[in-house]
Amino acid sequence: IFANGNMKSVLILISTFFLIHCEAASIDEFFKYHENVQDIVFTVNTSASSIYVCASLCVSSMGCSCFQYDSQQYKCHLLQPTGSLIKVPETSGYNLYCTSTVEIILYLGCYVETSPLDLDVLVSVPYSMTPKGCIDACQNLNEGFLYAGVQTGSQCWCGSKYGTHGSSTECTNACPGDNTKACGGFAKSSVYVI
């Protein structure tokens with residue numbers, strides 16, 4: 001079907017079907033709503049008359065898996081995440097609709113680590129450190145840990161408590177595997193929910 005140049009027609013047909021089906025059903029059947037997502041760079045910003053049109057634009061756009069709709073200014077912001085997205089418990093950041101293929105990680109904050117350690121099991125991450133890599137390493141231990149913490153940019157710690165020594169603002173080391181994410185600091189952990 002694409003050999004004779006009909007790809008644009010197919011995308012319009014898919015987009016139109018999605019728009020009609022989505023208005024009849026619910027956006028929640030296609031996208032999951034996430035609040036307070038951090039560090040986002042939208043790839044497309046355009047006008048849209050409704051959230052359904054915005055969802056349709058995302059479906060018809062190659063690679064789009066998340067969108068944000070501003071109903072007061074009728075703006076549609078599309079996103080093509082290249083890795084995990086991070087959300088925080090506070091009311092800051094972006095509110096997005098994403099497909100189920102997008103992984104959202106809950107970031108709890110930056111905390112001091114001193115003796116006795118809250119996150120007390122050091123694990124190795126087999127590739128360049130990222131928050132997701134540390135979370136996976138802690139999960140793979142099958143010890144029932146609740147939290148993963150990245151320190152000094154390259155250390156991954158696991159445990160079931162955090163924050164007993166207070167919070168910090170010194171989680172400023174960039175992650176070697178994703179320099180857009182913070183990977184703790186000296187005796188400071190960027191803490192994530194497993």
Side-chain angles (χ1 to χ4, degrees), residues 1-110 128-136 148 150 169 171-183 190-194:
I1 192 166
F2 298 119
N4 60 8
N6 288 334
M7 183 170 175
K8 186 175 182 179
S9 298
V10 169
L11 287 176
I12 291 170
L13 180 62
I14 291 169
S15 179
T16 303
F17 171 77
F18 176 82
L19 179 61
I20 292 167
H21 184 74
C22 191
E23 284 185 8
S26 167
I27 286 180
D28 295 337
E29 291 180 33
F30 300 98
F31 295 96
K32 185 174 179 187
Y33 182 72
H34 301 279
E35 295 179 327
N36 309 320
V37 180
Q38 302 291 304
D39 302 324
I40 291 186
V41 177
F42 292 105
T43 52
V44 174
N45 298 299
T46 188
S47 296
S49 59
S50 72
I51 193 169
Y52 302 107
V53 171
C54 188
S56 178
L57 289 170
C58 185
V59 167
S60 65
S61 175
M62 293 294 208
C64 177
S65 51
C66 295
F67 73 91
Q68 178 193 39
Y69 182 66
D70 180 343
S71 61
Q72 296 189 341
Q73 296 188 15
Y74 301 104
K75 292 290 183 186
C76 180
H77 310 283
L78 305 182
L79 178 66
Q80 299 172 346
T82 56
S84 302
L85 297 177
I86 298 191
K87 68 185 266 181
V88 294
E90 303 94 45
T91 54
S92 65
Y94 296 94
N95 298 331
L96 299 177
Y97 287 90
C98 296
T99 63
S100 61
T101 60
V102 176
E103 185 162 40
I104 308 287
I105 299 171
L106 180 58
Y107 175 65
L108 296 174
C110 180
S128 292
M129 181 65 70
T130 63
K132 175 67 174 127
C134 184
I135 291 168
D136 289 347
V150 185
T169 59
C171 289
T172 56
N173 290 24
C175 298
D178 182 353
N179 63 8
T180 66
K181 307 282 189 291
C183 274
S190 296
V191 180
Y192 298 88
V193 173
I194 295 178

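All figures in this text were calculated on a predicted structure; none of them were measured in a lab.
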#### Entry: Backbone N/O of Lys87 and side chain of Glu35: donor-acceptor pair under 3.5 Å
no
### Test item: Phe31 and Cys58 side chains (from C-beta on) under 4.5 Å apart, heavy atoms
yes
### Query
Taking all atoms of both residues into account, what is the closest heavy-atom pair of Pro81 and Ser65, and its distance?
CD-OG, 3.2 Å
### Task
Say whether, by atom type as modelled, one donor and one acceptor occur between the side chain of Thr46 and the main chain of Cys76 under 3.5 angstrom.
no
### Task
Give the minimum heavy-atom separation between Thr99 and Thr101, together with the two atoms involved.
OG1-OG1, 2.8 Å
### Summary
On a heavy-atom basis, the closest approach of Lys75 and Ser47 is NZ-OG, 3.7 Å
### Task
Nearest 0.5 Å please: distance from the CD1 atom of Ile86 over to the OG1 atom of Thr130.
9.0 Å
### Nearest heavy atoms of Cys134 and Met129, plus distance in Å
CB-SD, 4.0 Å
### Query
Can you name the one residue among Asn45, Leu78, Ile51, Leu96 that meets side-chain contact (heavy atoms from CB on, under 4.5 Å) with Gln68?
Leu96
### Query
Can you list the residues that meet the ring pair (Phe, Tyr, Trp, His ring centres under 6.0 Å) rule with Phe42, with sequence neighbours excluded?
His77, Tyr94
### Query
For the side chain of Asn95 and the backbone of Asn36, is there at least one donor-acceptor N/O pair under 3.5 Å apart?
yes
#### Entry: Sub-2.5 Å SG contact, Cys98 and Cys66
yes
### Query
Does the side chain of Thr180 come within less than 4.5 Å of Val41's, by heavy atoms?
no
## Note on the structure
Rounded to the nearest 0.5 Å, the OH atom of Tyr97 sits from the SG atom of Cys54 at a distance of 10.0 Å
### Query
In terms of SG positions, are Cys110 and Cys171 separated by less than 2.5 Å?
yes
### Message
Against Leu79, only a single residue in Val44, Leu85, Val37, Val102 fulfils side-chain contact (heavy atoms from CB on, under 4.5 Å); can you say which?
### Response
Leu85
#### Entry: Non-hydrogen side-chain atoms of Cys175 and Pro131 separated by less than 4.5 Å
yes
### Query
Partners of Tyr107 by ring pair (Phe, Tyr, Trp, His ring centres under 6.0 Å), sequence neighbours excluded?
Tyr192
### Query
How far apart are the closest heavy atoms of Tyr69 and Ala48, and which atoms are they?
OH-O, 2.9 Å
### Message
Can you tell me how far apart OG (Ser84) and CG (Asp178) are? Round to the nearest 0.5 Å.
### Response
8.5 Å
### Message
Show every salt bridge (charged side-chain N to carboxylate O under 4.0 Å, His left out) that has at least one partner inside residues 100-110, sequence neighbours left out.
### Response
Glu103-Lys132
